[in-house]
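In what follows, a structure is listed as structure tokens, so that the remarks can point back to it.
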Amino acid sequence: MEAGAGGSRALPAGDARPRGHLAALVLARGGSKGIPLKNIKLLAGVPLIGWVLRAALDAGVFHSVWVSTDHDEIEKVAKQFGAQVHRRSPEVSQDSSTSLETIREFLNHHQEVDIVGNIQATSPCLHPSDLIKVADLIQKEGFDSVFSVVRRHQFRWSEVKKGENKMTEPQNLNPAKRYRRQDWPGELYENGSFYFAKRHLIEKGYLQGGKMAYYEMRAEHSVDIDIDIDWPIAEQRVLSFGYFGKEPLKEVKLLVSSIDGCLTNGRIYVTEDQKEMISYDYRDIVGIDLLKKRGIQVRLISERACSKTLSAMQLGCVAKVNATNKLQVLEDWRKDIGLSWKEVAYLGNEESDVECLKNAGMSGVPADACAVAQKAAGYICKSNGGCGAIREFAEHIFLLLEKVNSARKQMGEESSVEEETGGSENSRIGNKELMKKK
């Protein structure tokens with residue numbers, strides 16, 4: 001999993017924002033009833049919570065990034081991504097516990113925190129740019145609370161409960177003169193992606209109050225996962241609109257895969273005459289062929305002496321066996337072809353693959369890879385090694401290639417619009433002064 005640096009991150013040199021301690025806080029209870037351990041379930045190859053942690057850490061505006069949890073596995077994943085962990089008490093880990101109660105407990109244990117940015121783990125399309133703008137509203141423009149909204153074009157009608165003797169009534173339209181979508185600005189709805197608030201508000205029992213503002217997110221970034229049926233849709237949205245890290249994605253031109261544990265399941269069968277035999281999945285052979293048809297070179301690597309086995313498989317791939325230093329082999333191949341690291345993808349499963357996984361622009365591991373390899377990878381397959389992992393990783397590469405092409409197209413369109421209009425503001429911000437309680 002590609003993670004940011006440590007959970008306590010110094011702000012950039014020369015940053016003029018006030019020194020009030022701004023903490024990002026992700027609430028991730030282990031007892032989700034809808035989807036068991038939803039917060040660390042893999043979404044597009046990354047634990048769900050990893051998407052928002054990556055965005056928070058890369059935003060560079062938080063003095064600390066925290067996950068509040070009661071579960072060991074969630075704690076482990078949070079730390080892998082570079083967040084600090086607050087172990088919440090059983091009192092605020094119940095089904096009936098509210099976010100506000102949990103945040104207040106966190107503040108009681110962390111007196112250094114002045115402002116909390118409560119980020120929902122179930123919003124995987126969140127981008128650092130949104131968090132940076134919200135931090136400015138709080139720290140530079142003096143707002144006490146800021147929350148996220150999305151614009152929707154939906155007509156509302158009053159509810160008629162069973163047994164009531166009345167008709168439904170329109171709430172935000174005139175049926176005799178229905179708006180066209182392009183003639184109606186729509187309405188703003190909370191999307192639950194984040195709630196920022198200063199300590200004094202939270203201690204009084206508010207997440208929204210004081211000098212208050214909303215931050216309007218782009219509709220394509222507004223994804224909230226509550227039920228299992230959302231998952232396939234969310235995966236497609238994340239692959240199209242998610243945040244994949246600071247470095248822009250590049251088109252992959254080389255995939256290198258470990259043979260043992262990736263192309264095969266790692267098992268070696270020995271016959272009576274001492275000949276080695278291995279098994280592989282035909283789906284992986286199809287995956288290799290598909291990659292080649294897309295112009296992506298595929299090469300294989302192994303620490304074992306298995307040249308005869310590879311020859312028998314007739315894969316038509318360049319391979320290096322007896323590799324004592326996989327990273328050096330990968331570096332030599334990269335330079336020979338004339339590629340940057342961002343154009344290299346790597347699939348590995350063992351400790352000997354970790355440095356290759358860290359350096360490659362796109363990295364993946366089978367579902368049964370060792371823990372250190374999983375920590376270093378950007379994508380964790382659902383398939384085990386030797387059971388379709390290469391084919392699955394190939395599909396992931398193809399989806400990200402579509403994202404690269406889409407980004408190029410979008411940049412071209414935005415450049416054309418800016419030339420015609422002289423630039424435009426992408427977000428709308430609203431605020432309202434609320435009367436304080438005496």
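In this text the structure is predicted, and so the values were computed from the model without any measurement.
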State whether a side-chain donor-acceptor pair under 3.5 Å links [X] with [Y].
X	Y	value
S93	R29	no
T69	E75	no
R299	Q297	yes
E350	S352	no
N322	E303	no
D58	Y243	yes
E187	Y189	yes
W66	S68	no
S340	E343	yes

Check your understanding: Does NZ or CZ of R54 lie under 6.0 Å from the centre of the six-membered ring of F81, at an angle within 45° of the ring axis?
Key ->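 The answer is no, since R54 fails at least one limit relative to F81.
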
Just say parallel, tilted or perpendicular for the rings of [X] and [Y], cut-offs at 30° and 60°.
X	Y	value
F393	H396	parallel
H110	H86	perpendicular
W184	Y179	parallel

More than 12 non-hydrogen atoms from neighbouring residues, nucleotides or ligands closer than 6.0 Å to [atom1] on [X], yes or no?
X	atom1	value
R267	CZ	no
E190	CD	yes
K76	NZ	no
F155	CZ	yes

Are any of the side-chain nitrogens in [X] or [Y] under 4.0 Å away from the carboxylate oxygens of its partner?
X	Y	result
E101	R104	no
E141	K211	no
R87	D70	no

Point to revise | With D144, the salt bridge (charged side-chain N to carboxylate O under 4.0 Å, His left out) member among R199, K198, K204 | key: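 Looking at R199, K198, K204, the match for D144 under the salt bridge (charged side-chain N to carboxylate O under 4.0 Å, His left out) is K198.
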
Review point. Quick one: are L201 and L207 in side-chain contact, heavy atoms under 4.5 Å?
Key: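 No; the side chains remain at least 4.5 Å from each other.
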
Review point. So do the side chains of Y215 and V149 get within less than 4.5 Å of each other, counting heavy atoms only?
Key: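 No, their side chains stay 4.5 Å or more apart.
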
